[in-house]
Amino acid sequence: MACRGSGVQIPSAPRMDIESTHDAHAAYDFAYVQEKWLPVWDQVQPFKSGRTDDKRPKKYVLDMFPYPSGDLHMGHAEAYALGDVIARYWIQKGFNVLHPIGWDAFGLPAENAAIKRNEDPKIWTYENIAVQKASMRRFACSFDWDRVFNTCDPHYYRWNQWLFLALYERGLAYRKDSAVNWCPDCQTVLANEQVVAGLCERCDTAVTKKKLNQWYFKITDYADRLLDDMAQLEGKWPEKVLMMQRNWIGRSTGANVSFVIEGHKEPVTVYTTRPDTLFGATFMVVAADSELAAQLVVGTGVESEFGTYLGKIKADSDIDRLATDRPKTGVFLNRFAINPVNGAKLPIWASDYVLADYGTGVIMAVPAHDQRDLDFARAMKLPVTVVVDTGEEDPNVSGVATVGDGTLINSGALNGMNKADAITSINAQLEADGAGHSARNYRLRDWLVSRQRYWGTPIPIIHCPSCGEVPVPIDQLPLVLPQAEGLDLKPKGSSPLGAATDWVNVLCPKCSAPAKRDTDTMDTFVDSSWYYLRYPSSTNHDEPFSKGDLQTWLPVDQYVGGVTHAILHLLYSRFFTKVLHDMGMLDFNEPFTRLLNQGMVVMDGSAMSKSRGNLVRLSDELERHGVDAIRLSMVFAGPPEDDVDWSDVSPSGSVKFLSRAWRLSGDVKSAPGVDFTKGETTLRKATHKALHDADFAVESFRFNVAVARVMELVNATRKAIDSGPGASDPAVREAVEAIAIMLSLVAPFTAEEMWERLGHQPSVARAGWPVVDSKLLVADVVTAVVQINGKIKDRLDVEPTISDADLEAAALARPAIASALVGSTIIKIITRAPKIVNIVINS
RNA sequence: GCCCCGAUAGCCCAAUGGCAGAGGCAGAGGACUUAAAAUCCUCCCAGUGUGGGUUCGACCCCCACUCGGGGCACCA
């Protein structure tokens with residue numbers, strides 16, 4: 001226990017009897033220091049954000065709020081350590097910082113736990129919230145605790161309902177029958193975004209299709225803006241996330257072309273990205289499970305064959321569908337379409353390789369220039385017509401469709417054109433003939449928001465036999481969940497709310513006839529799609545957020561969270577923001593100005609899990625090495641967006657460094673307030689350079705580099721005390737104070753302890769970033785390099801202000817250079833004072 | 001199959017186109033110590049995945065490839 005009793009003065013904090021059992025790094029007693037400062041901070045409240053009259057410029061730092069499933073783990077620790085660096089940095093830089101936290105508290109794990117424990121999901125949820133909250137406090141998260149909320153609280157979810165109705169009014173929330181993703185294990189529907197490679201993202205069960213009437217949000221209305229507004233985020237969000245969202249939205253441009261069908265009244269419109277290949281269409285394929293297929297088959301005599309085929313493909317799961325190299329199947333519908341450009345008769349087939357819910361659910365097949373069509377043509381012995389000569393082998397022979405650019409052939413007026421010209425030309429012609437027009441399509445589908453589970457926001461709609469869908473009147477919100485007690489929460493394919501008879505049966509608000517409430521609950525992603533708007537107004541019970549609060553704080557300046565939410569949460573949040581903007585409620589259209597995706601904490605190269613046996617428990621690590629060392633290890637391990645492999649980091653190395661820094665604070669001999677300008681210049685320069693560099697590194701998210709700069713300064717200060725100007729030089733105090741302030745971003749307990757030992761009042765978190773003296777950033781001497789043909793031949797020390805001409809002359813005067821130049825001709829000399837001279841010679 | 005990102009010392013990672021090494025881990029030696037721990041000091045190690053190109057000069061820019069990670073995937 002080296003330092004517990006070694007003259008450390010602890011004025012007011014109660015002295016706790018905590019025996020450290022960690023002799024390995026007993027340099028200073030982190031457990032004692034942690035217990036000492038927590039109650040002090042509870043009083044000082046260094047992270048209470050400024051109120052409306054605060055004059056400082058604002059910064060809104062947001063960490064993705066946690067789902068309360070047990071205690072915090074290593075991943076939380078990393079995310080919150082990183083968010084803390086940014087929030088604490090901005091506070092030191094003089095900003096009015098809002099750094100809130102809350103809980104994403106609705107969701108299936110609570111419901112599953114409730115079923116197992118036979119109790120209300122809220123009990124498990126609130127227990128876990130309490131545990132996580134206590135852990136966050138111990139982890140010294142710089143949250144403003146006044147703004148906390150939980151999404152499962154009616155005070156929060158009433159605004160989900162309010163927003164649902166607002167969307168409903170604008171036609172952005174609607175119900176439709178559709179074949180939806182169904183997870184047989186969770187017994188609920190899933191949004192497209194929640195299906196990963198055909199599996200439920202939550203439980204990895206193979207997702208099946210089920211025809212259901214469900215609520216949707218019309219996110220597709222915003223597809224173009226979601227895509228185009230990403231220009232604002234360029235350079236501020238990780239490129240990877242923008243790329244993933246672009247892929248997900250999947251905009252394509254092409255043309256809709258209308259085909260007359262023989263013996264059928266209505267023409268059929270197909271969507272194609274290759275209108276230039278229209279002359280190469282040799283057949284048409286309609287999605288077998290589409291409405292259109294069912295219509296077209298009527299009266300053709302192949303109804304039963306079609307029916308058999310349809311039954312077979314419906315039995316296939318998504319997994320089967322997704323299998324690559326799956327042989328093409330289909331059935332000829334005994335009908336023909338007429339190609340509008342050349343009058344050719346195209347046989348119409350039904351197949352499952354065409355998707356019912358993309359484009360128009362029917363395609364023109366151009367087997368020569370589309371691999372899928374070619375595979376189908378070869379399987380069904382259909383003709384292949386080449387219309388673009390790409391110089392490659394004939395697809396008829398090779399079996400490989402040619403998709404590149406080339407010269408149009410067999411295409412009437414298009415012959416001789418390239419792809420781009422042909423597209424322009426044919427689009428114009430189609431338009432003139434009334435046979436088509438250019439068009440766009442999206443991969444993005446509307447957001448399915450109904451869920452057949454209990455622990456979520458009830459959908460505020462009443463179904464009346466005579467009035468139809470009737471919104472719950474706004475003044476009756478929140479529509480609170482019925483008591484879980486007495487309800488069977490076990491998943492059974494329909495919502496448990498249906499069994500809450502007293503709750504379900506209501507009178508229609510319009511006609512007062514007996515009616516029924518909608519029994520589904522909302523996808524919990526609805527909760528998180530707008531929660532960042534709620535923090536500034538979290539205690540406002542009259543509106544979801546107030547204009548004044550929004551003006552003060554929004555948009556979020558810095559969002560921090562895992563890349564796992566790259567599509568789902570971030571896309572939905574952007575969508576909500578745009579909708580609310582259109583409703584006149586927000587004056588910005590992107591919610592998160594900057595985004596940082598932290599990596600995962602892994603062990604020995606793979607994700608930590610109990611079953612793998614490589615789980616590292618956060619609480620164990622905190623116990624062994626202390627909060628600061630764990631935070632420091634996370635931040636120092638590498639760039640924040642990289643994964644941290646816990647087997648590569650050395651928490652005990654962090655403890656060692658923190659002890660080293662802490663020890664400096666006890667060595668300082670000068671008094672607080674001493675004039676730093678009287679300090680020794682070499683150390684002062686090191687201090688100011690460290691401050692400057694750390695500042696730059698933090699701004700650019702290179703926190704590991706910022707820490708390295710502090711380590712350097714600690715080393716320099718140690719040297720100054722032991723073998724330099726000595727502990728009483730003002731420069732030493734300046735350096736150690738700077739170290740404490742910089743360390744406060746990462747290691748708050750150590751920094752606070754240092755700050756106190758330096759004779760200051762808490763809290764170091766609000767000490768302010770020292771002003772860098774730019775005069776001290778200029779080195780006394782610079783080593784210039786002399787190169788000949790780019791190879792280093794000599795070095796010389798010069799003044800940093802030396803001119804190009806002087807440096808060049810000095811370089812040429814060096815004996816080593818002079819002799820190296822003998823017998824060669826100087827072609828040119830490139831000089832960049834004070835760093836380099838490169839002499840280009842011809843020898 | 002298509003797209004994106006990465007590759008620097010035994011390991012984790014730094015280097016506005018200008019001295020490849022800031023920092024750390026691990027390792028070696030030394031000082032202090034009766035000894036150990038702790039502490040302090042010193043040292044060791046790569047020429048930047050491969051092959052080309054641009055440039056006075058390339059870890060950095062361009063092209064091709066190898067390997068690793070990620071995303072999308074019958075979206076017409």
Side-chain angles (χ1 to χ4, degrees), chain A residues 2 23-27 196-197 238-248 250-252 254 270-274 277 285 287 321-326 328 351-355 357-366 369-373 375-376 441-445 563 566-567 599 605 632-633 636-639 641-645 647-654 656-657 659-660 663 693 696-697 702 704-715 718-719 722-723 782-792 794-795 827-832 835-841:
Chain A
D23 289 328
H25 18 72
V196 179
E239 189 46 46
K240 184 177 164 184
V241 174
L242 297 177
M243 194 257 313
M244 284 166 73
Q245 293 214 356
R246 266 185 219 110
N247 276 348
W248 190 261
R251 180 163 71 194
S252 75
V270 304
Y271 172 73
T272 176
T273 55
R274 292 295 303 275
T277 61
V285 187
R321 274 186 71 100
L322 286 168
T324 47
D325 299 337
R326 187 161 174 259
K328 293 279 185 285
S351 172
D352 67 346
Y353 90 89
V354 171
L355 305 177
D357 60 350
Y358 183 80
T360 55
V362 52
I363 62 156
M364 65 175 212
V366 185
H369 308 297
D370 183 289
Q371 191 59 47
R372 297 154 301 183
D373 296 346
D375 292 343
F376 191 82
N441 251 306
Y442 305 88
R443 215 191 73 107
L444 182 71
R445 305 292 200 274
V563 74
I567 297 173
L632 178 68
S633 300
F636 185 57
E641 59 274 12
D642 288 5
D643 287 349
V644 175
D645 195 324
S647 61
D648 289 334
V649 308
S650 168
S652 57
S654 297
K656 215 163 86 179
F657 163 69
S659 304
R660 235 164 108 74
R663 225 174 299 119
D693 290 359
F696 182 66
R702 286 144 58 241
N704 53 325
V705 178
V707 170
R709 291 291 100 83
V710 183
M711 289 175 166
E712 250 177 304
L713 183 57
V714 166
N715 292 343
R718 180 81 262 154
K719 202 166 274 181
D722 292 348
S723 55
V782 178
T783 303
V785 176
V786 187
Q787 301 178 335
I788 293 175
N789 286 348
K791 300 271 185 298
I792 294 158
D794 201 5
R795 298 165 216 275
I827 297 170
K828 68 170 155 177
I829 301 177
I830 293 104
T831 307
R832 297 280 180 276
K835 288 174 131 181
I836 198 159
V837 179
N838 188 13
I839 303 162
V840 185
I841 61 171

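Within every chain, numbering begins at 1; the chains are lettered A, B, ... in the order of the sequence lines, protein sequences first and strands thereafter.
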Does a side-chain N or O from A/Tyr358 land closer than 4.0 Å to OP1 or OP2 of B/rA76, or not? yes

Candidate nucleotides B/rC56, B/rC12, B/rG71, ranked by approach to the side chain of A/Lys828 - the nearest: B/rC56

OP1, OP2 of B/rC12 versus side-chain N and O of A/Asn704: anything below 4.0 Å? no

Would you tell me if any nitrogen or oxygen in the side chain of A/Ser252 comes within less than 4.0 Å of OP1 or OP2 on B/rA76? yes

Taking the minimum atom-to-atom distance to the side chain of A/Ser650, which one of B/rC72, B/rC25, B/rA76 wins? B/rC25

In terms of side-chain heavy atoms of A/Tyr271, which of B/rA76, B/rC56, B/rA14 is nearest? B/rA76

Atom-pair distance (CH2 on A/Trp248; C1' on B/rC4), nearest Å: 17 Å

Note: for A/Val707 and A/Ala287 on RNA chain B, the residue whose nearest nucleotide lies more 5' is A/Val707

B/rU54 pairs with which nucleotide, Watson-Crick or G-U wobble, both distances below 3.5 Å? none

Measure the spacing between CG of A/Asn441 and OG1 of A/Thr273 and express it to the nearest 0.5 Å. 10.0 Å

Non-neighbouring partners of A/Ile836 that pass side-chain contact (heavy atoms from CB on, under 4.5 Å), sequence neighbours left out: A/Val785, A/Gln787, A/Arg832

Pairwise P distance for B/rG10 and B/rC45, with rounding to whole Å: 11 Å

Out of B/rG70, B/rA22, B/rA76, whichever nucleotide has its closest atom nearest the side chain of A/Ala708: B/rA22

Looking at B/rC67, which nucleotide sits across from it as a Watson-Crick or G-U wobble partner, both distances under 3.5 angstrom, or is there none? B/rG6

For B/rC32, give its Watson-Crick or G-U wobble partner with both distances under 3.5 Å, or none. none

Nearest-nucleotide pick for A/Arg443, side chain only, options being B/rG23, B/rG71, B/rA73: B/rA73

Over all strands shown, is A/Lys328 touching base, sugar-phosphate only, or nothing at heavy-atom distances under 4.0 angstrom? base

Which one, B/rC74, B/rA14, B/rA76, comes nearest to the side chain of A/Pro639? B/rA14

Which nucleotide, in any strand shown, forms a Watson-Crick or G-U wobble pair with B/rC13, with both distances under 3.5 Å? B/rG21

Quick one: classify the glycosidic conformation of B/rG47 as syn or anti, with syn meaning within 90° of 0. syn

Looking at B/rG1, which nucleotide sits across from it as a Watson-Crick or G-U wobble partner, both distances under 3.5 angstrom, or is there none? B/rC72

Please state how far atom CZ in A/Phe696 lies from atom C1' in B/rA14, giving the value in whole angstrom units. 13 Å

Should B/rU48 form a Watson-Crick or G-U wobble pair with both distances under 3.5 Å, which nucleotide is its partner? none

Going by purine N1 to pyrimidine N3 plus the second Watson-Crick contact, or the G-U wobble pair, all under 3.5 Å, which nucleotide sits opposite B/rC60? none

Polar pairs (N or O, both sides) under 3.5 Å between protein and nucleotides 40-42 of chain B?
| from | atom 1 | to | atom 2 | distance (Å) |
| --- | --- | --- | --- | --- |
| B/rC40 | OP1 | A/Arg660 | NH1 | 2.5 |
| B/rC40 | OP1 | A/Arg663 | NH1 | 3.4 |

Table of protein N/O atoms under 3.5 Å from nucleotides 16-20 of chain B N/O atoms:
| from | atom 1 | to | atom 2 | distance (Å) |
| --- | --- | --- | --- | --- |
| B/rG18 | N2 | A/Gln787 | OE1 | 3.3 |
| B/rG18 | N2 | A/Asn838 | ND2 | 3.4 |
| B/rC19 | O2 | A/Arg795 | NH1 | 2.4 |

Using the C1' atoms only, state how far B/rG29 lies from B/rC67, rounded to an integer number of Å. 38 Å

In whole Å, I'd like the distance from the CE atom of A/Met711 to the P atom of B/rG24. 6 Å

